[in-house]
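Reviewing the structure listed below.
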Amino acid sequence: MTETVRPTAYPESDPCLPAQYVPAHVEQRRYELWVAAGLFRADAGSAKPPYAIVIPPPNVTGSLHVGHALDLTIQDALIRRKRMQGYEAVWVPGMDHAGIATQNVVERQLAADGLSRHDLGRDAFVERVWQWKAESGGRILGQIRRLGLSVDWTRERFTMDEGMSRAVLTIFKRLFDDGLIYRAERIINWCPRCLTALSDIEVEHTDEDGELVSIRYGDGADAIVVATTRTETMLGDTAVAVHPDDDRYRHLIGTRVELPLTGRHIPIVADRHVDPAFGTGAVKVTPAHDPNDFEIGQRHDLPAIAILDERGVITVPGPFEGLDRFEARPAIVDALREEGRIVAERRPYPHAVGHCSRCGTTVEPRLSLQWFVNTGPLARAAGDAVRDGRVRIEPPELAKRYFAWVDNMHDWCISRQLWWGHRIPVWYGPAGELVCVGPDDEAPGTAEQGWRQDEDVLDTWFSSGLWPFSTLGWPDLTTDLERFYPTSVLVTGYDILFFWVARMMMFGLYAMNGRQPFDVVALHGMVRDQYGKKMSKSFGNVVDPLDWIERFGADATRFTLARGANPGADVPVSEEWCQGSRNFCNKLWNATRYALLNGATVDGELPPAADLGAVDRWILSRLQQVTAQVDEHFEAYEFAKVCDTLYHFAWDDVCDWYLELTKPILSAGDELAVARTRRVLGHVLDQLLRLLHPVIPFVTEELWTALTASATAAIEAPAAGIGPLTVAPAAAEPAGMHSIMVARWPSVDAAYRDAAAEADIAALQRIVTEVRRFRADQGVRPGQRVSARLAGLGALGGYEPLIRSLARIDAAGDGFAATATLSVGGRATVELDTRGTIDVGAERARLRKDLTAAEREAAQCRAKLDNPSFSANAPEQVVARIRERLVAAEAELDRLGRQLDALPDA
RNA sequence: GGGCGCGUAGCUCAGCGGAAGAGCACCCGCCUUACAAGCGGGGGGUCGUUGGUUCGAACCCAACCGUGCCCACCA
């Protein structure tokens, strides 16, 4: 099968790429080609091993920020690599309806028109949210494309779509039937602005300066002093509690005391919860407004008197009625003071206060009737799955946090007094019946018959917790579910380890009969600015990934993020670094350009190592090493190391040395050697581009296509340049579209590991660098020729022309006089004729500096070797290495000394 | 109040028991025929402090100082 391929980023008449890479010419077009060719689509029916990732669904509200870009880049890199490795890789995209967040956004829009959701009514409001979802969601999908993410668009899901809703109903019913979902009156976190219950994780604690007020309840001998930061709740007190063993109060237990301002008398009870050492050792008990007090109330059968309405306004008849809770507090303190009840005021008194994570309003503990998940058994299973190794958390340190959370989880309040979300599938009948409805059930009765459905919706995290299996078709036993569950890895920020990961674990294990939702949880950190500061709008350091994509390209943006991504570590980024990444892409572009101009090819077998020179054997050996390292780092989710390894291999080894070393070879005219090096050059770039493709997909695709296509063209029609081409896919690759996406992931070929070649080229590099350094120290102009004699090259003898070319030194002719000698690695020497070029003062200074260094080195080695404990305890290898160092240092000292003596006087 | 992590070159970080590293920034010199989004060379760190373990410590242990994050129903 053949494909017509048209290289696109450069004119057809010009066989060479332009000197700069322009991402905008490539990215969007290339993405559409990939989608059109179906390269992102997974086939559940294939025989390949499965590899699956579900996208952490972004909230439909808003747009993707740079944190998403990091998260998604990592996943794309994993998916693209596995796809190249021959896995059936599926990446399921989708979005989350984000109940409270989305409802807030739409309510704000309404508020701008002076409307509330109640003006529209429930149905119209929800309709309005769906409209917003379409608009906002479309923007996110566009961003996913711009980032080049290879998600399977045929499998896109939304947490509110029909299949997901069935999943929600199904699991709700099952949990209900198993007694793991219940309805109860409890103290929950209440947001008086959003007017809904919140779960524990939706509450953010901050330390605030409050006031600790000590109030005397009762009078005379029976008086008792309590301390509180929430003075206004005293209106709802129904007891005072003391520790049963507290001698100060033992005589009061069972008596009643007057509650100021109310005329009520409340009992003094004994409860072990009270800490006698804190404050006065006596606690006011307000069962309706404090979780601890609620429990004390339960134990002592105390009434719960609610004093606040849902907006936090005092409802108790009297002088404080109608006051907001924060107005009531000072008012009540004043009133108590007037009565002489205030014993002490401590201010400021710092203590933690909970805030609604969505709007920042101080949450109010409120007694109300809500739905809960009994998390006990679910959380235990979620912990065990990690403890017994079925699920691996990466980095492992973060597992401690996971356990701390999962092992101490309270029951989960799942009902929300919102309109946007999955409505709780419970109906209440005329006689107080309660019926939980599953996906296949009818409503038990009509409104006329007196039946009504629960008004509340479920916490967003309830449906997100089903994501890894509901997106694959659950509750139906689909092929996707069978093939791709458990998913391979979950990639997300450590910030939602509790919010989301723990929920998915609980539900996944429960719904899928003990099978975990994913094998690995790979956690990354937060994107920060170049000083490690958190990004914030008010600080003005927020990076918009689209902005970077437009200015530097999607690849540069991705590379910048991946380059900082070590497991669990925060990722600092800056515009300068993104520029650096852009430069790197451009470097690859130009390296390929060089290769194309010099006839690099991927056609035909790679020559066996035995037929190759040291330069080619060296770069191939390095390639094997790098391939192995990249694999290792990928498997450890160490993307920063993947990038670092490839960056240095590409830039230092390939560009700075290999390409330079091939220049003399390719122009030497030995046809066979030229052909072989062209083949190696083609191979190295081919493999390098493949290794980089997961992280920087666009530029690698563009270059790889050009490299593989033009090589064929050069053979078929060397003179014609590059026109539309007919390219046969290389035999070893899967048939289909010619794309690096379906090219095989490089594997290590031990036959090309070559320690000798690596040592030889390392020596060559040292020689060249030494000469360059000498020239720079001496101020020898780059264009100025210096003649030199090389000796002791050994195996590098054949590379003298290369060395001369790179170091810019001429052969020694008649009248050559060695005036300076460089010794490299105790083996090769370079004698230079520096007459007319040398700066004697500079040379003397250089020699003295080197001499001092050598002296220090020798002294250090001697000190070690003279230490009997060292030779007794240190491993053989270490001792041998120190001996070698000493020998080398002494030889160096000798040489430098003689050279210094030989130097003419200034 | 508990728990976790981090302090290595000006900035961001890698190294985690045997000769102090990278990127960017900085200095010097170069339009060397793939690339000035580039090339060559260079300076710069008693690896937070103080003790300890070891023949040997940036690396292990302890304390302290600084810093960040997470969890938290002691009023």
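Throughout, protein chains are lettered first and strands after them, A, B, ... in sequence-line order, and every chain is numbered starting at 1.
Where A/Glu638 and A/Gly532 each meet RNA chain B at their nearest nucleotide, the meeting point lying more 5' is that of A/Gly532. Projected onto RNA chain B by closest heavy-atom contact, A/Lys849 and A/Val22 fall at different nucleotides, the more 5' of which corresponds to A/Val22.
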(request) For each nucleotide in nucleotides 20-30 of chain B, reading 5' to 3', give B when a protein heavy atom comes within less than 4.0 Å of its base, S when such contact involves only the sugar-phosphate, and - otherwise. (result) --SBS----SS
(request) Classify every nucleotide of nucleotides 70-75 of chain B by which part a protein heavy atom approaches to under 4.0 Å, writing B for the base, S for the sugar-phosphate alone and - for neither, in 5'-to-3' order. (result) SSBBBB
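For the pair A/Arg881 CZ and B/C55 P, the computed distance is 19 Å after rounding to whole Å. Rounded to an integer number of Å, the gap from CZ of A/Phe403 to C1' of B/C4 is 14 Å.
Nucleotide B/C26 forms a Watson-Crick or G-U wobble pair with B/G42, both donor-acceptor distances falling under 3.5 Å. Look at B/C6: its Watson-Crick or wobble partner, with both distances under 3.5 angstrom, is B/G66. Pair assignment for B/C60 gives B/G52, based on Watson-Crick or G-U wobble hydrogen-bonding distances that are each under 3.5 Å. With both pairing distances under 3.5 Å, B/A75 is matched to nothing as a Watson-Crick or G-U wobble pair. Here B/G17 sits opposite no nucleotide as a Watson-Crick or G-U wobble pair (both hydrogen-bonding atom distances under 3.5 Å).
For the P atoms, the distance from B/A62 to B/A19 is 26 Å, rounded to whole Å. A gap of 34 Å separates the P atoms of B/U12 and B/C30, to the nearest Å. Comparing the C1' positions of B/G68 and B/A9 gives an interatomic distance of 22 Å, to the nearest angstrom. Atom P of B/A22 sits at a distance of 14 Å from the matching atom of B/G40, rounded to the whole Å. For the C1' atoms, the distance linking B/G15 with B/G2 amounts to 32 Å, nearest Å.
When distances are taken from the side chain of A/Val878 to each of B/C35, B/G18, B/C55, the shortest belongs to B/G18. Distance from the side chain of A/Pro875 is smallest to B/G18 among B/C35, B/G41, B/G18. Side-chain proximity of A/Arg528 to the nucleotides B/G42, B/C69, B/A19 is greatest for B/C69. Of the listed nucleotides (B/G40, B/G5, B/C35), B/C35 has the atom at the smallest distance from the side chain of A/Asn586.
In this structure, A/Lys864 does not reach the B/A19 phosphate: none of its side-chain N or O atoms is under 4.0 Å from OP1 or OP2. Between A/Asn566 and the phosphate of B/C13, there is no side-chain N or O to OP1/OP2 separation shorter than 4.0 Å.
In this structure the side chain of A/Met526 never reaches within 4.5 angstrom of the side chain of A/Lys534, judged on heavy atoms.
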